[in-house]
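Here's the structure, in structure tokens; my notes come after.
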Amino acid sequence: GNSVTQMEGPVTLSEEAFLTINCTYTATGYPSLFWYVQYPGEGLQLLLKATKADDKGSNKGFEATYRKETTSFHLEKGSVQVSDSAVYFCALSKETSGSRLTFGEGTQLTVNP
Amino acid sequence: KAGVTQTPRYLIKTRGQQVTLSCSPISGHRSVSWYQQTPGQGLQFLFEYFSETQRNKGNFPGRFSGRQFSNSRSEMNVSTLELGDSALYLCASRQDPTPEKLFFGSGTQLSVL
């Protein structure tokens with residue numbers, strides 16, 4: 001079946017540090033890949049997406065590239081801010097499964113001033 | 001436009017009881033999905049309803065059920081509650097058949113004592 005594996009957290013960084021959160025997936029064919037973010041007390045929000053190999057998703061300074069050869073979709077940001085503190089989820093979907101998303105475990109990011 | 005609204009925000013029940021959670025999707029959205037979020041299992045798909053029909057179902061026991069009304073509002077019911085049902089239950093709605101257009105509510109936090 002489909003699965004997503006994220007790097008273990010929590011991750012603690014200082015403001016303006018470089019961020020990488022690793023994500024690898026297992027799925028047949030070409031799934032769509034997503035990063036969602038969950039701020040305290042809120043639901044999930046779509047951060048970025050990529051729907052085919054070599055696509056790069058980007059939003060709010062975050063980027064992730066769909067790497068078919070390594071089945072990865074790592075999230076990066078060059079300079080994090082305190083306001084980026086949240087839980088980040090990597091997820092995939094297959095057309096055949098409709099809107100069903102398969103999520104990774106989530107990575108708690110804390111950015112200190 | 002109002003977002004996805006889930007009620008109640010918090011709920012405390014005892015083992016053996018049943019519970020009903022409510023979700024009002026964004027106006028115009030006809031698809032509603034439910035997810036369970038726990039620290040141990042992460043985010044897991046429960047089911048999806050579209051135009052009052054269950055279109056997709058995750059791997060949960062029959063104690064978990066749902067329905068959708070003609071106005072697209074959805075309810076999920078859990079009967080014979082167990083301690084392990086304690087979780088944040090998230091509802092998500094969408095209009096188009098593309099997962100990246102999923103909008104999540106803030107969730108209902110269910111505690112089973």
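Letters A, B, ... are given to chains in the order of the sequence lines, protein chains preceding strands, and every chain is numbered from 1. The structure presented is a predicted model; accordingly, all values stated were derived computationally and were not measured. Heavy-atom basis, side chains included; hydrogens, waters and symmetry copies ignored.
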| note | Heaviest contributor of heavy-atom pairs below 4.5 Å to chain A, chosen from B/Q6, B/Q44, B/Q37, B/Q109, is B/Q37
| query | Do the charged groups of B/E48 and B/R94 touch, with an N to O distance under 4.0 Å? | reply | yes
| Atom CD of A/Q108: over 12 foreign heavy atoms under 6.0 Å | yes
| said: Please rank B/G107, B/S106, B/G42, B/G105 by heavy-atom pairs under 4.5 Å with chain A and give me the top one. | reply: B/S106
| field | Proximity breakdown for A/Q45 and chain B, heavy-atom pairs closer than 4.5 Å | value | neither
| field | Atom group of B/L43 that falls short of 4.5 Å from chain A, counting heavy atoms | value | both
| message | Salt bridge check, B/D85 against B/R63: does any charged N sit closer than 4.0 Å to a carboxylate O? | response | yes
| query | Would A/K77 and A/E63 count as a salt bridge (Lys or Arg N to Asp or Glu O under 4.0 Å) if you check the C-alpha gap in whole Å, the side-chain angles of each, and the deciding distance to 0.1 Å? | reply | CA-CA 6 Å; A/K77 186 175 185 182; A/E63 293 184 340; over 6 Å; no
